[in-house]
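Here the structure is a predicted model, which means the values were calculated and not measured. Residues take their numbers from the sequence shown, with the count starting at 1.
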Amino acid sequence: MKSVQQEVDERSNLTNSNKFELLLFRLGGDANGEHSELFGINVFKIREIVAMPEVTAVAGSSPHMLGVVNLRGQIITVLDLPAIVGVIPKTGLNIMLVTEFARTTQAFAVESVDEIVRLDWSQVLTAEGTAGGKVTSIARLDGDVNNTRLAQVLDVETILREMVPNEGKDVDPETIGPQLLLKPGAVILAADDSVVARSLIEKGLTAMGAHFIMTKSGKEAWDRLQHIADGAKAEGVPVENKVALVLTDLEMPEMDGFTLTRLIKQDARFSKIPVVIHSSLSGKTNEDHVKGVGADAYVAKFVAEDLAATIRQVLAK
């Protein structure tokens, strides 16, 4: 039997190989209780899994907010995940997933938990627009084969922003600070698979006066960087004259931010381009991973002023 430390080490090492672990769970089915599909969330976001405790309803809360619980001295908001995605649990809300990301702690009620699977990000394809924007990607659990099991990876950032409006502060141009001074023609290349995160990043960069290119995955950002490099070579100028900085999320379909950062830093053409990782996977463990792949800075989502300050600090080096 593996020790706890061995399991932690193995999980940490996944960031070196474009792999991750997905917790699979079920929320329910249609009105007849049929077609119970698999959903997933990155294990790095899960703080703990507990049997559904008694929940205290909060007066005036949104319809999909069950209420709050007192868990180890902390008051945590509990959201009705089946109701949010429009399905009906056949056996009730039996399990509570306590999540920790984007500097917040919250809980999601689900019907049941299946298993944890280890996947390569290449097994995950973008699914923007699915389930009213609440699904960010589809995981092919058995690989690229016919009739593979599929799991819908939820965009928890979008769900939280819709259900708990105070989560994720809007961008205030008055507090974002002075304008960025990039080289003429230079852009910030950004990558994030979340619709909500992209919107906030775009607002922040616009408020800073920065030109940018927004992409939806690490692979798309990497492909765009290759294209920009070819153009720079044809013009006879360094690629860093075209790309001032790369801003990347960590969790993304096809290629994660760890892999994107590693590819950039190991390529002589791009090694001078600073990389800032901007992720909801907050905490010291993830910050240590960021240092390991050579990123120039890490900032947890989402406080626009923090992001702006980090970008200015990195560009000033």
Side-chain angles (χ1 to χ4, degrees), residues 20-23 25 27 39-50 52-53 55-58 60-85 93 95-110 133-136 153-172 175 192-201 203-204 247-252 257 276-290 297-310:
F20 73 111
E21 289 186 331
L22 193 67
L23 173 69
F25 55 90
L27 300 177
F39 291 84
I41 186 171
N42 194 325
V43 168
F44 274 138
K45 289 181 175 176
I46 301 293
R47 194 178 84 180
E48 56 186 312
I49 302 169
V50 298
M52 195 67 197
V55 178
T56 300
V58 176
S61 60
S62 64
H64 301 321
M65 178 178 165
L66 292 174
V68 295
V69 295
N70 179 32
L71 188 65
R72 301 188 226 306
Q74 183 178 12
I75 302 299
I76 300 174
T77 299
V78 184
L79 299 174
D80 185 344
L81 200 47
I84 290 170
V85 302
L93 300 173
I95 302 293
M96 189 173 76
L97 307 180
V98 182
T99 60
E100 198 168 54
F101 62 97
R103 314 181 193 214
T104 65
T105 300
Q106 53 285 308
F108 296 97
V110 304
K134 295 179 178 63
V135 172
T136 185
V153 182
L154 292 172
D155 186 345
V156 287
E157 291 168 353
T158 294
I159 290 172
L160 271 186
R161 191 160 182 81
E162 290 182 0
M163 299 301 118
V164 189
N166 290 332
E167 298 294 349
K169 202 169 67 172
D170 272 321
V171 176
D172 183 354
T175 62
D192 202 298
D193 68 325
S194 168
V195 175
V196 165
R198 287 202 304 273
S199 175
L200 291 170
I201 291 168
K203 290 177 182 177
L247 177 67
T248 179
D249 187 19
L250 289 180
E251 300 175 280
M252 294 181 288
V276 173
I277 288 181
H278 182 228
S279 174
S280 60
L281 292 177
S282 52
K284 186 178 184 305
T285 299
N286 290 300
E287 291 183 32
D288 289 342
H289 294 332
V290 166
Y298 169 93
V299 58
K301 291 180 179 175
F302 183 85
V303 176
E305 291 80 7
D306 289 355
L307 177 59
T310 301

* Asked: Step by step, would you call M52 with V78 a side-chain contact (heavy atoms from CB on, under 4.5 Å)?
  -> CA-CA 10 Å; M52 195 67 197; V78 184; 3.8 Å; yes
* Output, in order, the C-alpha distance, side-chain angles, deciding distance and verdict of side-chain contact (heavy atoms from CB on, under 4.5 Å) for I95 and F25. => CA-CA 10 Å; I95 302 293; F25 55 90; over 6 Å; no
* To do: Might you work through the side-chain contact (heavy atoms from CB on, under 4.5 Å) test for L71 and R47, ending with a clear yes or no?
  => CA-CA 12 Å; L71 188 65; R47 194 178 84 180; 4.0 Å; yes
* Verdict with supporting geometry, K301 and V196, side-chain contact (heavy atoms from CB on, under 4.5 Å) -> CA-CA 11 Å; K301 291 180 179 175; V196 165; over 6 Å; no
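Take N42 and apply the side-chain hydrogen bond (donor to acceptor under 3.5 Å, both in side chains) test, not counting sequence neighbours, and it matches E251. Here T99 pairs with Q106 under the side-chain hydrogen bond (donor to acceptor under 3.5 Å, both in side chains) rule; sequence neighbours left out. Checked against side-chain hydrogen bond (donor to acceptor under 3.5 Å, both in side chains), D306 has the following partners two or more places apart in sequence or in another chain: R103.
Between R198 and D192, the shortest heavy-atom contact is NH1-O, 3.0 Å. In terms of heavy atoms, P53 sits closest to V69 at CG-CG1, 3.8 Å. Of all heavy-atom pairs between I76 and A107, the closest is CG2-N, 3.7 Å. Here the closest non-hydrogen pair linking P82 and A109 is CD-O, 3.1 Å. The two atoms that bring L27 and V110 nearest to each other are CD2-CG1, 3.5 Å, heavy atoms only.
Distance check: I46 CD1 to E48 CD gives 10.0 Å after rounding to the nearest 0.5 Å. The distance from the CZ atom of F44 to the CG atom of L250 is 9.5 Å, given to the nearest 0.5 Å. Atoms CD1 and CG, on I75 and N70 in that order, are 4.0 Å from each other to the nearest 0.5 Å. Note that the NE2 atom of H278 and the CG atom of L247 stand 6.5 Å from one another [nearest 0.5 Å]. Atom CG of residue L307 and atom CG of residue L200 lie 10.0 Å apart, to the nearest 0.5 angstrom.
Residues L154 and I84 have side chains not in contact (no heavy-atom distance under 4.5 Å, counting atoms from C-beta outward). In this structure, L66 and L79 have side chains that are not in contact, with every pair of non-hydrogen atoms separated by 4.5 Å or more.
The side chain to side chain contact (heavy atoms under 4.5 Å, CB included) test with L93 is passed by exactly one of V55, L81, D80: D80.
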